[in-house]
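Here is how names work: the chains are called A, B, and so on, in the same order as the sequence lines, proteins then strands, and each is numbered from 1.
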2 protein chains.
Amino acid sequence: MDANIRDFDSLFIGNMMSASANQQQNIGAYIADWVGSRSSESIRLESACSSGSAAFRAAVLAVASNQVEVAVAAAVEKMTDSPGVEITANLATAADADWEVSQGVSFIALNALLMQRYLHEYKWDHSNFAGFSINAHKNAMTNPYARFHSKLSQEQFDRSPVLCNPITLMDASPIGDGAAAVVVVPYDFLHPTQQHKYIAVAGSAAASDTIAVHSRKDPLWLSAAERSAKDAYAQAGISVKDIDLFEYHDAFTVMAALSLEACGFAPRGKAPLLAMEGHLTIEGQIPVATMGGLKARGHPVGATGMYQIVEVIQQLRGEAGKNQVDGAVYGMAQNIGGSGSNIITHIFHNDN
Amino acid sequence: MDANIRDFDSLFIGNMMSASANQQQNIGAYIADWVGSRSSESIRLESACSSGSAAFRAAVLAVASNQVEVAVAAAVEKMTDSPGVEITANLATAADADWEVSQGVSFIALNALLMQRYLHEYKWDHSNFAGFSINAHKNAMTNPYARFHSKLSQEQFDRSPVLCNPITLMDASPIGDGAAAVVVVPYDFLHPTQQHKYIAVAGSAAASDTIAVHSRKDPLWLSAAERSAKDAYAQAGISVKDIDLFEYHDAFTVMAALSLEACGFAPRGKAPLLAMEGHLTIEGQIPVATMGGLKARGHPVGATGMYQIVEVIQQLRGEAGKNQVDGAVYGMAQNIGGSGSNIITHIFHNDN
C-alpha cells in the first residue's frame with residue numbers, strides 16, 4: 001500500500017490450492033487483470049506451503065537478472081470456499097501421493113509422527129512445547145492483522161484437545177484465507193525520498209529434501225532448512241548470531257523446534273529450552289513469530305511465506321508497533337513446504 | 001539427455017494440473033527427489049497452458065541473475081489418470097471461473113466463439129482452415145515423438161465431426177501425457193568441446209491479457225502475443241522477417257491464425273492465406289509446427305511449452321532429421337495460456 005508505483009513489469013503469485021479449492025488456475029493473469037495491469041508478465045509459483053516465498057524469490061531473481069525492473073510478489077490462499085475434509089485432502093497433496101497419502105497419512109499425521117519421534121529421542125514431554133504457542137499468542141494480541149487475539153496459558157495448552165496424538169489443537173496453526181504482497185525493485189529505481197524506507201534482500205536461498213518423510217536418513221533434521229539458511233547466511237556475509245528476529249514456520253510446534261535447530265539457533269534436540277526459558281520473546285535472545293506466527297497470526301498456506309516477509313520488513317523499518325524488536329537490523333524468514341521437502345530462507349537487512 | 005551435467009542448482013517445473021489430475025502438488029521437490037537431486041531448489045510454475053515456457057523463463061531469469069549457475073527447466077503433464085469429463089473441468093480452470101466457466105463455457109467453447117467470430121469478421125469458410133492441420137499432420141509423420149503419424153487431406157478435414165461448432169476434431173489438438181526438459185547455463189559454464197552445441201536465448205518475454213475473453217475490446221487480437229513477441233524481437237535485435245521457424249501454439253486452428261497475425265507474420269484476418277498457399281511448410285516462407293505442433297505432435301498442456309522450445313533447439317542445432325529447416329538461425333516459440341490471457345514468447349539463436 002505504501003510502494004507508490006504506478007505499474008509493474010512482472011507479477012509473481014504464490015498460491016498452493018486455487019486449482020482444487022477455487023477451480024481457478026492461471027491466477028497470475030487473473031490477478032493482473034483484476035488489479036488493472038493487463039499487459040505485464042504474471043505467473044503463479046507453487047511449492048506447497050512455501051509458495052509465498054517462492055513467489056518472492058522469483059521476483060528477486062527477476063529483478064537481479066536486469067530483465068525486470070518493477071516486480072510485485074504477492075501470495076494468496078482462499079481456503080474457506082471448500083469443506084474441511086476437502087481442505088485436508090488438498091493439504092495432503094504436499095506430501096507423497098503414492099507412498100504417504102495413499103496409506104491414509106494426512107498432513108497433521110506426518111507432523112504427529114515427527115513430534116512423537118522428537119519426544120522419544122530427546123526425552124521431552126508434550127507439555128514442554130507450550131512455550132512456542134504461548135509466545136505466538138502473546139505476540140498476536142498486539143497485531144491487528146492476527147487471526148487470534150487470545151492469550152494462552154501453560155494450563156490451557158496442557159488441556160488442549162488432541163488432534164492427532166501427540167499434536168493438540170494448541171500445537172497446530174489455523175488455516176484460513178489471506179493475502180500479502182511486496183514490491184521488489186533495484187535500489188537505483190527508488191526516488192531519494194523513498195530510499196530511507198527500503199529494506200535490502202541480503203540473502204535468498206531455496207533447497208529441497210525427499211518428498212516422503214520415510215525416505216530421510218534422519219527425519220528429525222530439516223536438511224533443506226539447514227542448507228537454505230547456510231546459503232542465506234553466506235550471501236548476507238553474517239552468521240546466525242547476527243539475526244535479530246526470525247519469522248519461522250510454526251505450522252506445528254514440532255516444526256518450530258526443528259527449524260530453530262536446523263538453522264543453528266539451538267543445538268539438536270534443545271529447541272524447547274529456548275521457549276521454556278523465554279528466549280523467543282520480543283525482548284529475548286532470538287525473537288520469533290513476532291506478529292503471532294503461523295500459530296496465532298494464522299496460516300493461509302500458500303500466502304504464509306509472504307506474510308512472514310512483510311512482517312520482517314515491518315520490523316526492520318521500525319513499523320511493528322507494540323511488537324517492535326528494538327534496533328533490529330537483520331531479520332530472517334523461513335518458509336517450509338511439505339514436511340520439510342521444500343524450504344526457502346530469506347535474510348533482510350536495514351542498511352540505512 | 002545430452003547435457004552431461006552431474007547435478008543442478010535449481011529445478012523449475014512447468015505443470016498445470018497435477019493438483020487436480022494427480023492429487024500431487026509440490027512436484028518440484030517430488031521430481032528433484034526422484035531424479036536423485038535432493039538438495040537443489042525445486043519450484044513449480046503454473047500459467048495454465050503456458051506453464052512449460054513459464055518454467056523455462058524462470059530458469060533463464062535465474063541464470064541471468066548470477067544467483068544460479070545450472071538450472072534445469074522441465075515440464076510435465078499426466079492427464080490420463082483422470083476421466084475425460086474431469087479433464088474438461090480441469091482445463092476450464094484456465095478461464096475465468098466466476099464469469100466464464102460458471103456460465104457453462106468450456107475451453108473449447110471459448111475457442112469456438114473466437115473461431116465463429118473470426119469466420120464472420122474476415123469472411124472465411126471453416127474449410128479454409130484446413131491448411132494449418134494438414135501441415136501439422138504432414139510434419140508429424142517424420143517425427144518419431146509425435147502423437148499422430150497419419151496424413152490429413154482437405155477432404156478428411158472437411159468431413160471431420162463437429163466438437164463445438166464451428167470447431168471440428170481436426171481443428172483441435174489432442175491432450176495426453178508428456179514431459180520435456182532443457183538445461184540452462186551461462187555460456188562460460190560450457191566446456192569448449194560443448195560450445196558448438198549451445199543455442200543462445202536471444203529473447204524472453206511474457207505478457208498478459210484479460211482472463212475473460214468478453215473483457216477484451218478486440219477478442220480477435222492476441223495483445224499478449226503481440227507484446228511478448230515485440231519485446232522478444234527487440235531483445236534479440238531482429239524483426240519478424242528474421243525468424244526462420246515458428247513453433248506456435250496451435251491448440252485450435254483459430255489460435256494458430258491469431259498467433260501468426262499478432263506476431264506480425266500475417267496481416268490481420270489473413271493468416272489462413274499463409275496456410276492455403278503453402279507458406280507454413282518446412283520449405284515455406286515461415287515454417288510452423290515443424291515437428292507436428294500441438295495438433296499432431298500432441299498437447300500435454302503444461303508440458304507443451306517445453307516441447308516447443310526443445311523442437312526449436314533441435315532445428316537450430318540441425319538435429320531435426322527429415323523435418324530440418326535448412327540453415328535455420330533464429331527460431332521462435334510462443335506458448336499461450338488461457339484463451340490468450342498469458343502468453344510467453346522465446347527467440348533462440350544459433351550464433352556459432
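- In summary, the aromatic rings of A/Phe348 and A/Phe56 are positioned with their centroids under 6.0 Å apart.
- For A/Val63, no part sits under 4.5 Å from any heavy atom of chain B, backbone or side chain.
- Proximity to chain B involves both the backbone and the side chain of A/Ser341, based on heavy atoms less than 4.5 angstrom apart.
- With respect to chain A, the highest number of heavy-atom pairs below 4.5 Å among B/Gly337, B/Ala207, B/Ala205 belongs to B/Ala207.
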I would like to know whether B/Asn335 and B/Ser50 meet side chain to side chain donor-acceptor pair (under 3.5 Å); could you show each step before the answer?
CA-CA 5 Å; B/Asn335 195 195; B/Ser50 63; 5.0 Å; no

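- Only the backbone of A/Ala95 comes within contact range of chain B, with heavy atoms under 4.5 Å apart.
- The greatest number of non-hydrogen atom pairs below 4.5 Å with chain A, out of B/Leu11, B/Leu61, B/Ile343, B/Asn66, is found for B/Leu61.
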Go through it in stages, so that I can follow the logic: the residues are B/Ser228 and B/Thr345, the test is side chain to side chain donor-acceptor pair (under 3.5 Å), and I'd like the CA-CA distance, side-chain angles, deciding distance and then a yes or no.
CA-CA 6 Å; B/Ser228 62; B/Thr345 305; 2.7 Å; yes

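- Judged by distance alone, the side chains of A/Ser208 and B/Ser42 do bring a donor and an acceptor atom under 3.5 Å apart.
- In terms of heavy atoms, B/Phe107 sits closest to B/Ala92 at CD1-CA, 4.4 Å.
- Heavy-atom distances place no part of A/Ala224 under 4.5 Å from chain B, backbone and side chain included.
- Heavy atoms closer than 4.5 Å to chain A are found nowhere in B/Ala58, neither backbone nor side chain.
- Shortest non-hydrogen contact noted between B/Asp209 and B/Gly340 is CB-O, 3.5 Å.
- Counting heavy-atom pairs closer than 4.5 Å to chain A, the top residue among B/Arg227, B/Gln23, B/Arg57, B/Gln24 is B/Gln24.
- Heavy-atom distances place the side chain of B/Ile344, and not its backbone, under 4.5 Å from chain A.
- Counted by atom type alone, B/Ser259 and B/His249 present zero donor-acceptor pairs between their side chains at under 3.5 Å.
- With contacts defined as side-chain heavy-atom distances shorter than 4.5 Å, the pair A/Asn342/B/Ile43 qualifies.
- Counting heavy-atom pairs closer than 4.5 Å to chain A, the top residue among B/Glu46, B/Gln67, B/Glu41 is B/Glu46.
- For chain B, the nearby part of A/Asp33 is the side chain; its heavy atoms alone come within less than 4.5 Å.
- With 3.5 Å as the limit, one finds a donor-acceptor pair spanning the side chains of A/Asn90 and A/Ser20.
- Ranking B/Ser40, B/Ala32, B/Ala19 against chain A, the residue ahead of the rest is B/Ser40, based on heavy-atom pairs under 4.5 Å.
- At most 12 non-hydrogen atoms from other residues, nucleotides or ligands lie less than 6.0 angstrom from NZ of A/Lys230.
- Only the backbone of B/Asn22 comes within contact range of chain A, with heavy atoms under 4.5 Å apart.
- Using a 4.5 Å cut-off between heavy atoms, B/Asp96 touches chain A through backbone and side chain atoms alike.
- Contact annotation for A/Asn15: neither backbone nor side-chain heavy atoms come within less than 4.5 Å of a heavy atom of chain B.
- For the set A/Ser51, A/Ala64, A/Ala54, the entry with the most heavy-atom pairs within less than 4.5 Å of chain B is A/Ala64.
- Within the 4.5 Å cutoff, side-chain heavy atoms of B/Val76 are placed close to those of B/Ile27.
- Residue A/Ala212 touches chain B through its backbone alone, counting heavy-atom pairs closer than 4.5 Å.
- For B/Val68, the part lying near chain A is the side chain, with the backbone staying farther off; criterion is any non-hydrogen pair under 4.5 Å.
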